[in-house]
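Working notes for the structure below.
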Amino acid sequence: MNFKFVFPAVASILLFSACSDDSSTVTAEPIPASSSDAVLEESSSDAQPSSDAQPSTVIPAATGPGVVVDDFEDGNNENFLGNFWYTYDDASNGAKSTITTPVDEEGYILPGPANNGTSYAMVVHYTLDKGDYEYDPYVGWGTEVTVDSTNARFGGISYWYIGGAHEVHIETSDVKDYDVHLAKVKASRVWTQAVIRFKDLAQGGWGEEVEFNAANIRAISFQAKGDGIVDSVIIDNIYLQDTSEVEKDKADMTLQPAEIPEVAYTPEEVTVTNPLQEKAMKYLDKGVSFTNWLEEANGKFKTFKLGEADVKLLADNGVKSVRLPIDLDLYATNRDAFVDSTDTTSVLEFDDVALFTVLDSFANWTERYGVSFVIDYHEYDNSYNKTSADDSRYVLMMSEVWKHVAAHFAENPREDIFFELLNEPDMSYGKVTAAQWTVAAQSIIDSIRTVDSTHTLLFGDAQWYSISLLAKRTPFTDPNIVYVIHTYEPFVFTHQGASWTDYGTIRNLPFPYDPALWSEYSADFGVSKSTKSNVKNDVRNYYKNGSKEAIMKNILIAKKWAATNNVPVIINEFGALSLRSTAESRLNYLKAMREIGDALQIPLTHWGYTGDFAVIENGALIEGVGEALGFIEGGTEPETPAEETEPVAEN
């Protein structure tokens, strides 16, 4: 039965059975394969399993108080629960991935031969091709399960596999937006058993959070993701574990008292006398970024998702600065042709109606409500990367984009409009070097200064506005630059539950670290066998790093550099994800950041307006946020939002 479903792409997490220090894989001990086994080669769809050779790998039958979903030995399309197998791909989303399996004469997928001591297994070959799809391409295969309250007795799933990396999805009927509970399985070129506890599953993170309930299991499916991958997976002996069979957590941590680092500095070591310091404190403190809109890969302005009412709401609640992340080169209508051209006389062209409708509107609104305006060139599509960084035409394109924007605002007398050169160069991978970024940044600075000598520029270093790289840098000769760092430390706290990181399964970490709230079981904080070692170490060392002082010690490096060079430094991204932490801990973290900013005289702009890093919910500041970040002295109700005025692009 060939079903076709459309699933959104999702960055997923590594998460399987109970935690253990000595296991970096997701599985039990693999059974070695000999030369006669059907070992699938990486990135090849030609390696077909053979049933002719005598197998030296023999996988055991699934037995126990649980239920065998399918061992495929009947060779048909139906599982043992009375439902059927299907495949799906990403074609309807504009990608070009393909998936093939053995099929019968009616086109229904079937098991294929397996060289593992059994006759048949589910054999899948696939090619992953991004095509015009914005996210990771994917293919999938699965089987439905009848929703039944008796399924609540199941606590995990096991199966044997050989082949490429994939995800296993345990889909439940109460998840309505495809944000399914899942785990990620590493590639294995020998037959290996995956054993996955349901308690260790996690949703991708983009949809509504739903507690996993085995009674509502509606399907078991598998998905392969990535671009330009040609590979295969064979899966056999799928088994739902009874809760009595599920591996128990193990005590693997020692309760420790909080280890608070010493933070020492003299006033001279952190004092900046440059007049830009006063300007930065006046205009760039108590800021908020308008997120999840114009900076996104397909975020070219079409209509106002955020507008005057949002600016007024922030201003009424004591916010002093609005940072607008926007991918400026999306408005260069011939960007790619310009970059590819060898004609040095070619000219970059722009969609000025879209670009300046949005920029002029926010310039007008921020002036109306007395807040500063930061134009943040923010590339979520990562088009500036290690390769394009060496392309002089790409660097010229960025420089010309900024020249165009700067020329438009050159005559604007406001001193509180700021140009942020480029957010986190190569933000997806961090492989652009400081030397490469210096060349590009200098080109952008020079280009802006040909048309605008007055507005202040904001510069952050490579590797996500790295503190350590900034501390090694000689400031630019341009005297009108404010330097920027980003910090999300302790990352294991601020990004617990972040599906796009290795911390997607981490949960329940308090801030600050408190031994009374700690556990001897790292599994209580979402650690499992497959959790990466660096993440495990971050959890186990949290007693050293989960404090205001630990955060401040790192930020102090940047502030001392700023004082030594007599230039201002600001933090215009920080924040804590709300998915897996308590509101109390998040407020504690925000208050700690405010106290650090006040002590070191570093202006702060929070990452997040609404969404998972929100300061606003249901049209008002989240309770306690205004006080924690110093926006307001006490809890005041925001004024009624203003009606939107008609945005008009200036000429």
Side-chain angles (χ1 to χ4, degrees), residues 1-13 40-47 85-103 107-109 122-143 161 163-169 171 175-187 203-207 219-235 292 295-300 302 327 329-330 335-336 340 379-385 387-388 426-429 499-501 504:
M1 191 174 289
N2 287 327
F3 298 119
K4 294 290 184 181
F5 295 145
V6 179
F7 288 80
V10 52
S12 56
I13 63 287
L40 305 185
E41 296 297 327
E42 190 95 42
S43 299
S44 172
S45 62
D46 299 326
W85 286 91
Y86 57 83
T87 62
Y88 61 88
D89 60 37
D90 51 20
S92 62
N93 285 333
K96 299 178 180 179
S97 301
T98 59
I99 179 172
T100 60
T101 65
V103 296
Y108 297 141
I109 69 171
M122 179 55 66
V123 181
V124 174
H125 301 279
Y126 54 86
T127 298
L128 300 174
D129 186 340
K130 190 179 184 72
D132 296 325
Y133 190 37
E134 182 179 343
Y135 303 104
D136 278 344
Y138 59 87
V139 297
W141 60 102
T143 188
Y161 75 98
H166 57 278
E167 296 172 357
V168 56
H169 296 182
E171 304 174 34
V175 172
K176 307 297 185 183
D177 53 13
Y178 298 116
D179 191 10
V180 299
H181 295 84
L182 56 87
K184 188 174 181 180
V185 184
K186 295 179 181 178
Q203 292 174 265
W206 70 83
I220 298 168
S221 64
F222 304 86
Q223 190 175 101
K225 292 170 54 179
D227 191 22
I229 297 173
V230 181
D231 212 334
S232 303
V233 180
I234 305 177
I235 288 176
N292 305 314
E295 80 277 18
E296 293 179 345
N298 61 349
K300 184 179 176 181
K302 297 180 179 66
D327 191 348
D329 62 58
L330 291 182
R335 186 193 78 168
D336 293 344
D340 293 339
E379 283 190 327
Y380 259 20
D381 62 4
N382 212 60
S383 50
Y384 179 71
N385 51 51
T387 300
S388 60
D426 193 15
M427 67 176 296
S428 294
Y429 306 107
S499 61
W500 63 93
T501 73

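Because the structure is a prediction, the values reported are computed rather than measured. Heads up: numbering here begins at 1 and tracks the sequence.
The shortest side-chain heavy-atom distance between Y133 and Y138 falls under the 4.5 Å cut-off. Between D89 and Y126, the closest side-chain pair of non-hydrogen atoms is not below 4.5 Å.
Checked against side-chain hydrogen bond (donor to acceptor under 3.5 Å, both in side chains), D129 has no partners two or more places apart in sequence or in another chain. For the side chain to side chain contact (heavy atoms under 4.5 Å, CB included) test, residues two or more places apart in sequence or in another chain that qualify with A297 are E134, D381. Residues meeting the side-chain hydrogen bond (donor to acceptor under 3.5 Å, both in side chains) test with D227, sequence neighbours left out: none.
Using modelled atom types and a 3.5 Å distance limit, the side chains of Y88 and Q223 yield a donor-acceptor pair. Under 3.5 Å, the side chains of S232 and H125 contain a donor-acceptor pair of N or O atoms. E171 and S221 share a donor-acceptor pair across their side chains, judged by distance under 3.5 Å alone.
Considering CD of E379 and CG of D329, their distance stands at 4.5 Å, rounded to 0.5 Å. Here the straight-line distance linking atom CE of M122 with atom CH2 of W141 works out to 9.5 Å at 0.5 Å rounding. In this structure, the separation between CH2 on W85 and CD1 on I235 is 7.0 Å, given to the nearest 0.5 Å. Rounding to the nearest 0.5 Å places NZ of K96 at 14.5 Å from CG of L128.
In D132, the CG atom is not crowded: 12 or fewer heavy atoms of neighbouring residues, nucleotides or ligands sit closer than 6.0 Å. Counting non-hydrogen atoms of neighbouring residues, nucleotides and ligands closer than 6.0 angstrom, the NZ atom of K300 exceeds 12 such neighbours.
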